Amino acid sequence: MRKKVIAGNWKMHKDIKETIELISGIKNGLTPNENREVIVCPPFTSLETAFALLKESNIGLGAQNMHFEDSGAFTGEISASMLKSVGCKYVILGHSERRNVFGEADEMINKKMLKALNSGLNPIFCVGETLEQRENGTTNSIIENQIRKGLDSISAQQLENTIIAYEPVWAIGTGKTATPDQAQEVHKFIRTLIADIYDEKTAGSLIIQYGGSVKPENSSELLNQPDIDGALVGGACLKPDLFLGIINSI
Ligand code: PGA
């Protein structure tokens, strides 16, 4: 059976003091449950502090982005080995804010995916359609294109260390959530596509998270869908009670 994986994407929120408060709040309220995994993805400046606080907990640490080169003249960028050196196990790649605000294309995201996997980091690879694309009826072809390009040259074995997050762009930070049926439909489409590109076994064990305005009020119904294996949470991961509410709805 697939585990449920709940990840918090802090985005550009929380300084060191606030990081300590948030992580302490999550740790204090978390009850043991072997059927789920919890991950936090603070900003780069908080990773080292977060890692120190997360030692001896079962909470995993992730970053929100990285560069595809090992090192070099890339002002403002962070490498996979740097993330590993501060204790990261995960890295979010291809988030719609990276794609749409910072202009990251599928080819660049694919290079990052390969670098992360070859460096021993587990990517949380995000895909999702805009409102216009959904209304045009092109959701599936957009998702298929993002997945085929983003996973180019990635082996079935490497995919075992990859999480896919389906995040409809129109549901991110807007308060509009995809209905459980709408989300399930796309998750099922993704799993079928992965079976087609790879094989049934790889598709059957792949963790596919839903993201986009997940909150304690809607998490239980979303997470009960057969192909939804967890959530990538933005706004609601910034307060311990809300994030714990989502985690405990499993
Ligand atoms: P949201 O963000 O939960 O605030 O919609 C989700 C995300 O961007 O990963």
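Each ligand, and each atom within it, is numbered from 1 in the order the structure gives. Source: prediction; values computed, not measured. One-based numbering along the sequence shown.
- Listed by atom number, the atoms of ligand 1 under 4.0 Å from S213 heavy atoms are 1 (P), 3 (O), 5 (O).
- Under 3.5 Å, the side chains of S79 and D70 contain no donor-acceptor pair of N or O atoms.
- When only interatomic distances are considered, the shortest N/O to N/O separation between A236 and ligand 1 does not fall below 3.5 Å.
- Going from atom OH of Y166 over to atom CD of Q146 covers 10.0 Å, rounded to the nearest 0.5 Å.
- Atom 9 (O) of ligand 1 has its nearest heavy-atom neighbour, among E167, Q209, K11, in E167.
- Residue H95 has at least one heavy-atom neighbour below 4.0 Å for each of these atoms of ligand 1: 7 (C), 8 (O), 9 (O).
- For G234, a nitrogen or oxygen atom sits less than 3.5 Å from a nitrogen or oxygen atom of ligand 1, counting backbone and side chain alike.
- With a heavy-atom cut-off of 4.0 Å, N9 touches ligand 1 through its side chain alone.
- At least one heavy atom of A171 lies less than 4.0 angstrom from ligand 1.
- Side-chain contact of S219 with S249: a donor-acceptor pair under 3.5 Å is present, judged by distance alone.
- Residues satisfying the salt bridge (charged side-chain N to carboxylate O under 4.0 Å, His left out) criterion with E97, sequence neighbours excluded, are K11.
- For T174, no nitrogen or oxygen atom sits less than 3.5 Å from a nitrogen or oxygen atom of ligand 1, counting backbone and side chain alike.
- For the pair E104 and R99, the salt-bridge criterion is not met [side-chain N within less than 4.0 Å of a carboxylate O].
- No side-chain donor-acceptor contact under 3.5 Å links E144 and S141.
- Which parts of ligand 1 touch G235 is read off a 4.0 Å heavy-atom cut-off, strictly below it: atoms 1 (P), 3 (O), 4 (O).
- Looking at G211 next to ligand 1, no N or O pair under 3.5 Å apart turns up.
- Under the 3.5 Å distance criterion, with hydrogens and angles disregarded, a donor-acceptor pair is assigned to the side chains of E129 and W170.
- In this structure, G212 counts as a contact residue of ligand 1, since one of its heavy atoms falls inside 4.0 Å of the ligand.
- Heavy-atom proximity to G173, at under 4.0 Å, picks out these atoms of ligand 1: 1 (P), 4 (O), 5 (O).
- Shown are Q209, R191, H187; of these, the side chain to side chain donor-acceptor pair (under 3.5 Å) with D229 is made only by R191.
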